[in-house]
Amino acid sequence: MSAARRFERLVLPHLDAAYNLARWLLADRAAAEDAVQEAALRAFRYFDSAREETVRSWFLGIVRNTCFSHLESTRNRQELGGYDEATLDAAHVAAGHSAPEPGRIVAGRQARAQIDAALRALPPPLREVIVLRELEGLEYAEIARIAAIPVGTVMSRLARARERLRASLGTVGSEP
Amino acid sequence: MNPNDDDLSALLQSHATRHRAGPGLQARVRSRILLAGLRDAAGHLVDSTHPRPARWPAWVAGFALGVTVTLGVAPWVQQFEQDRSLAAGVLASHVRSLGSGPLVEVASSDRHTVKPWFQGRLDYAPPVADLADADFPLLGGRVETLAGNRVAGLAYAHRKHIINVFVWPDARQSPLTRAPVRGFNTLQWSDGRMRFRVISDLDAAELDRFGDTLRTRTAPP
């Protein structure tokens with residue numbers, strides 16, 4: 001039983017982060033809970049290969065892989081297909097995003113709904129990095145490990161995600 | 001970084017929903033991991049997420065049947081015989097739960113999830129105690145049939161051992177008795193509201209500690 005206890009001590013503290021990531025990737029609460037449980041069991045299977053110093057990124061990596069597998073199996077492949085940087089760029093241009101309107105303020109109770117909706121509108125590879133960066137506060141290197149992409153790609157996806165979010169939300173100008 | 005990035009970060013961090021794993025999810029994950037750990041130790045499947053119709057390995061059914069058949073049906077040993085067949089049922093249920101399973105139909109270490117699960121499945125509310133701090137974590141619950149009655153089965157763990165607790169209403173108070181059965185250790189008692197029958201391959205001393213802790217935590221107010 002010591003393996004289970006050690007797992008509890010090292011991995012379970014990251015359950016909130018895992019569930020947050022799963023909810024943002026999968027939308028549906030039940031699917032997110034299933035994914036987290038599945039990921040936890042899978043992580044327990046491979047627990048021997050985990051290193052204490054990198055447990056969080058290792059576990060979140062398993063969670064995001066579980067979620068992306070679920071996305072692939074339940075959605076039209078085309079929606080997910082070709083998430084390389086070129087495709088993301090092309091899609092962005094094609095959508096005709098113009099410069100954000102300065103001074104359109106997002107405030108009050110509507111803010112949460114608006115911001116959540118803007119995040120949801122991002123394609124999963126962009127949503128993933130912005131959630132890990134802004135909501136979980138992770139460093140680029142850790143995000144790179146979790147998503148299994150180079151750090152440079154993390155930064156360019158973050159930049160794209162921010163562009164799209166600004167377009168959806170407008171910006172809060174720096175107050176004079 | 002462009003100042004707008006900071007503003008955007010601030011917006012996201014203040015307003016975007018940060019979902020948190022509820023206690024239910026935490027308890028389910030905890031229980032599943034414990035079960036997976038026990039499964040590894042025991043070498044066979046003890047976990048079941050979906051209730052299955054009971055499938056008894058042949059030798060267990062044969063044993064239970066054998067015990068019933070060898071006992072006479074003379075009325076003056078009726079009480080004794082009832083207890084013997086109940087004991088056989090407890091043993092068979094314990095072995096079956098470890099073998100073909102399922103060990104639990106609701107897998108959760110949270111008693112606030114397990115106890116309400118029995119509503120609608122039993123005509124009484126079994127006491128479900130949290131003994132995790134005493135190193136006896138709850139694995140979950142299931143409905144069992146003992147001597148023709150539907151009763152609550154609760155599974156606890158201690159290190160690599162599984163402890164099954166069967167509990168049902170019984171107003172006849174009776175003191176704690178211990179009995180070894182086929183290499184397993186068992187306890188039974190009634191606190192004047194509920195009758196408890198406990199079985200495990202745990203050693204007698206540790207099972208006594210479990211029994212003491214359970215009695216304390218389920219004692220009528």
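Lettering of chains follows the sequences in order, A, B, ..., and the numbering in each one begins at 1.
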Taking the side chain as every heavy atom from C-beta outward, state whether [X] and [Y] have any atom pair closer than 4.5 Å.
X       : Y       : value
B:Val29 : A:Leu41 : no
A:Leu15 : B:Arg30 : no
A:Arg5  : B:Leu34 : no
B:Arg18 : A:Arg23 : no

Nearest 0.5 angstrom please: [X] [atom1] to [Y] [atom2], how far?
X        : Y       : atom1 : atom2 : value
B:Leu25  : A:Asp34 : CG    : CG    : 9.5 Å
B:Ile33  : A:Phe7  : CD1   : CZ    : 4.0 Å
A:Leu165 : B:Leu8  : CG    : CG    : 5.5 Å
A:Arg162 : B:Asp7  : CZ    : CG    : 12.0 Å

Under 3.5 Å, side chain of [X] to main-chain N/O of [Y], donor-acceptor pair present?
X        : Y       : answer
A:Trp24  : B:Thr17 : yes
A:Asp16  : B:Arg20 : no
A:Asp116 : B:Ala16 : no
A:Arg112 : B:His15 : yes

Heavy atoms of other groups near A:Glu139 CD, more than 12 under 6.0 Å: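 No.
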For A:Glu33, salt bridge (Lys or Arg N to Asp or Glu O under 4.0 Å) partners two or more places apart: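 For A:Glu33, the residues satisfying salt bridge (Lys or Arg N to Asp or Glu O under 4.0 Å) (neighbours in sequence not counted) are A:Arg29, B:Arg28.
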